[in-house]
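Have a look at the structure below, then the notes.
Order of the sequence lines sets the chain letters (A, B, ...), proteins ahead of strands, with each chain counted from 1.
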Amino acid sequence: MAYWLFKTEPDEFSIDDLQALGETPEPWDGIRNYQARNLLRDAVAEGDEVFIYHSSCKHIGVAGTATVVRAAYPDPDQFNPDHKYFDAKAAPDNVRWYRVDVVFQRKFQRLVTLADIKVMPGLENMMLLKQGRLSIQPVTPPEWATIITTSETDV
DNA sequence: GCCAACGTTGGC
DNA sequence: GCCAACGTTGGC
């Protein structure tokens with residue numbers, strides 16, 4: 001069992017949208033970066049837990065958690081010429097892009113902001129702070145625990 | 001809206 | 001294979 005952080009722009013898809021789905025799995029698609037793709041394809045497993053991180057928005061930070069319910073499988077959008085994620089170099093026998101399915105787990109009672117993460121002891125090595133642009137990131141168990149605790153604590 | 005970081009593309 | 005140009009991400 002491993003921990004991850006998935007980024008999303010809440011204007012496109014937020015923790016509230018995920019919560020509204022209830023038990024319905026949501027395909028985490030649109031990953032078109034090789035480093036993120038490799039993590040999705042090779043490392044993210046069913047049963048793993050995921051921080052849902054809101055980026056490029058007014059209130060930046062970790063908004064809640066989800067559970068991976070299906071490991072990587074080919075993202076069908078890469079084969080659809082009408083889709084914005086179409087990739088002409090991809091084919092069913094030459095899959096380039098993958099996605100996983102996640103299910104809502106919880107919404108934090110308060111957002112753990114990027115500013116919180118920057119000053120919280122124990123989080124200074126989070127990949128979020130090291131390599132800001134990666135959209136799928138591993139999270140260590142101590143980092144996971146610290147952020148969960150922070151989400152349950154008033155500031 | 002700006003701009004730094006950095007991944008991707010394409011000419012050579 | 002190098003590297004300049006370009007595009008995207010994402011915080012501020």
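For the helix from dG1(B)-dC12(C) to dC12(B)-dG1(C), the rotation axes defined at the first and last 5 base pairs enclose an angle of 10°, given to the nearest 10°.
In this structure, D48(A) contributes its side chain and A2(A) its backbone to a donor-acceptor pair below 3.5 Å. Although no hydrogens or angles enter the test, the distance criterion places no donor-acceptor pair under 3.5 Å between the side chain of E143(A) and the main chain of P141(A).
Applying the ring-ring contact (aromatic ring centres under 6.0 Å, His included) test to residues at least two apart or on different chains, the pairs with a partner in residues 44-63 of chain A are F51(A)-W144(A). Listed by first and then second residue, the ring-ring contact (aromatic ring centres under 6.0 Å, His included) pairs that reach into residues 64-93 of chain A are H83(A)-Y85(A), sequence neighbours excluded.
Between the CD1 atom of I136(A) and the CE atom of M127(A) there is a distance of 12.0 Å, given to the nearest 0.5 Å.
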Under 3.5 Å, side-chain donor or acceptor atoms of residues 36-46 of chain A against the rest of the protein: list the pairs with distances, not counting sequence neighbours.
residue: R37(A); atom: NH1; partner: R96(A); partner atom: O; Å: 2.7
residue: N38(A); atom: OD1; partner: R41(A); partner atom: NH2; Å: 3.4
residue: N38(A); atom: ND2; partner: Y34(A); partner atom: O; Å: 3.3

In a table with atom names and distances, give each donor-acceptor pair under 3.5 Å that connects a side chain of residues 8-15 of chain A to protein atoms at least two apart or in another chain.
residue: T8(A); atom: OG1; partner: F13(A); partner atom: O; Å: 2.6
residue: S14(A); atom: OG; partner: D16(A); partner atom: N; Å: 3.1
residue: S14(A); atom: OG; partner: D17(A); partner atom: N; Å: 3.3
residue: S14(A); atom: OG; partner: D17(A); partner atom: OD2; Å: 3.4

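Under the side-chain contact (heavy atoms from CB on, under 4.5 Å) criterion, V69(A) pairs with P25(A), D101(A), V103(A), sequence neighbours left out. The side-chain hydrogen bond (donor to acceptor under 3.5 Å, both in side chains) test applied to T65(A) returns Q105(A), R106(A), not counting sequence neighbours. Listed by chain and residue number, L123(A), T146(A), T150(A) satisfy the side-chain contact (heavy atoms from CB on, under 4.5 Å) test with M120(A) (two or more places apart in sequence, or in another chain). Under the side-chain hydrogen bond (donor to acceptor under 3.5 Å, both in side chains) criterion, E26(A) pairs with no residue, sequence neighbours left out.
Taking each heavy atom of M1(A) and G47(A) in turn, the nearest pair found is SD-O, 3.4 Å.
Using a 4.0 Å cutoff on non-hydrogen atoms, no part of residues 88-102 of chain A comes near DNA chain C. Residues from residues 120-133 of chain A that place a heavy atom under 4.0 Å from any atom of DNA chain B, listed by number: Q131(A), R133(A).
Nucleic acid contact class of K118(A) (heavy atoms, under 4.0 Å, all strands): sugar-phosphate only.
Protein chain A touches strand DNA chain B; the 5'-most and 3'-most nucleotides with an atom under 4.0 angstrom of its non-hydrogen atoms are dA5(B) to dT8(B).
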